[in-house]
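Following: one structure in structure tokens, then a few remarks.
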Amino acid sequence: MAQAETIAVIDFETSGMSPASGGRATEIAAVLVREGEIVGEYQSLMNAGVWVPPFIEQLTGISNAMLAKAPPAAVVMAEVDAFTRGCPLIAHNASFDRGFWQYELAQAGCMPDPAHEFACTVLLARRLYPEAPSCKLGALARHHQLPDMGRAHRALADAKTTAHLLLRMQADLLDRYRAELLGLPASHALLARLQRTAKTQLKRAVSEHVKQARQAQQLRLAQF
DNA sequence: TGCCAGGCCCTCTTTAGGGCCTT
């Protein structure tokens, strides 16, 4: 029997919009999701030696004084890298978090993990929930009446909210495409595929994903 | 508050432009 997949949902708080513009991470959280449940969480402030502008301080509640007492960014990234090792990743607007993830891991001297592929809940929400008023995390949480995880714009609260959104998406996919999935889970590979699929082609993409997954499974059995 | 950057989507498009989403 295949081992259940564990997906890591990550969220960064940062001092700016991108590493290229001088932004650095100030906090990270990772939430592990397996078989429809949250099974683990990691959260830490991190000191990257960066100054947080007042606007960001007000937005996140993370002050320069808090960062002065936080552990070094390299230590935190090594810990979260170990915590998520072997897990594919999910983030809300993954292009943002991917940039900081890759930059901060490189700064920390961590070896890239090939399992750390990203899927994005914004791209998925635009396809799965076109009726939602917005694809901002808070708007989607209200739209789906997800549990309140505390102050928004803190890494653990946002990562937990994104994790609950992921669970909702997986449940909706299983419900919506039950006939096509034939008992297969709404895996990270399926999510990554659907986030690039036109809204009108989702059903066909699910069927193609299942067909390829079955073929790969038969190939592995034949090799065994 | 709005801009900043980057990646992505949508359309009045594709030799482009505007909007969304993240801090």
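Each chain gets a letter, A, B and so on, in the order its sequence line appears, and its residues count up from 1.
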Can you tell me if the side-chain N/O atoms of A:His92 get under 4.0 Å from OP1 or OP2 in B:dC21? no

Which part of the nucleic acid, if any, lies within reach of A:Ser15 when heavy atoms closer than 4.0 Å are counted: base, sugar-phosphate only, or nothing? nothing

Taking atom C1' of B:dC21 as reference, at what distance in whole Å does atom CZ of A:Phe100 sit? 14 Å

Sugar-phosphate only, base, or nothing, as touched by A:Ser95 at under 4.0 Å among non-hydrogen atoms: base

Using a cut-off of 6.0 Å, state whether more than 12 heavy atoms not belonging to A:Arg34 lie near its atom CZ. no

Within the structure shown, what part of the strands sits under 4.0 Å from A:Arg24 by heavy-atom distance: base, sugar-phosphate, or nothing? nothing

Quick one: on DNA chain B, does A:Gln58 or A:Gln195 contact a more 5' nucleotide (nearest heavy atom)? A:Gln58

For the side chain of A:Ala20, starting at C-beta, report the closest nucleotide among B:dA5, B:dC9, B:dT23. B:dA5

Are A:Glu13 and A:Arg154 ion-paired here, with the side-chain N under 4.0 Å from a carboxylate O? no

side-chain N/O A:Ser21 vs B:dG6 OP1/OP2, d < 4.0 Å: no

DNA chain B nearest-nucleotide lookup for A:His153 and A:Arg98: closer to the 5′ end is A:Arg98

Cluster question for you: counting only ILVMFWY and a side-chain heavy-atom cut-off of under 4.5 Å, with indirect links fine, are A:Ile10 and A:Val122 together? no

Taking only the P atom of each, what is the distance from B:dG7 to B:dT1 in whole angstrom? 28 Å

Which whole-number value in Å describes the distance from A:Gln201 CD to B:dC10 P? 13 Å

Angle class for the A:His116/A:Trp101 ring planes (parallel below 30°, perpendicular above 60°, tilted otherwise)? perpendicular

What's the CG-P distance between A:Leu124 and B:dC9, to the nearest Å? 11 Å

Is A:Arg204 atom CZ crowded by more than 12 heavy atoms from other residues, nucleotides or ligands, each under 6.0 Å away? no

Could you measure between the two C1' atoms, the one in B:dC12 and the one in B:dA16, and give it in whole Å? 11 Å

Distance check, P atoms only: B:dC9 and B:dC4, in whole angstrom units. 23 Å

Calculate the interatomic distance between A:Arg154 atom CZ and B:dT22 atom C1'; express it in whole Å. 17 Å

Rounded interatomic separation in angstrom, taking CE from A:Met17 and C1' from B:dC3: 10 Å

For A:Arg126 and B:dC9, what is the distance between atoms CZ and P respectively, to the nearest whole Å? 8 Å

Say we look at B:dG19 and B:dC3: how far apart would their C1' atoms be, to the nearest angstrom? 15 Å

B:dC9 phosphate, OP1 or OP2: any side-chain N/O from A:Lys199 under 4.0 angstrom? no

Rounded to the Å, how far apart are A:Leu45 CG and B:dT23 P? 15 Å

Tell me what A:Ser134 touches on the nucleic acid: a base, only sugar-phosphate, or nothing, going by heavy atoms under 4.0 Å. sugar-phosphate

When the C1' atoms of B:dC20 and B:dT15 are compared, how many Å lie between them, rounded to an integer? 25 Å

Rounded to the nearest 0.5 Å, the CG atom of A:Leu165 sits from the CG atom of A:Leu137 at a distance of 7.0 Å

Pick the C1' atom in B:dG18 and in B:dT14, then give their distance to the nearest Å. 15 Å

Between B:dC9, B:dC21, B:dT23, which nucleotide has the shortest distance from any of its atoms to the side chain of A:Asn93? B:dC21

A:Leu123 has its side chain closest, among B:dT23, B:dC9, B:dG6, to B:dC9

Between atom CG in A:Leu59 and atom P in B:dT22, what is the gap in whole Å? 11 Å

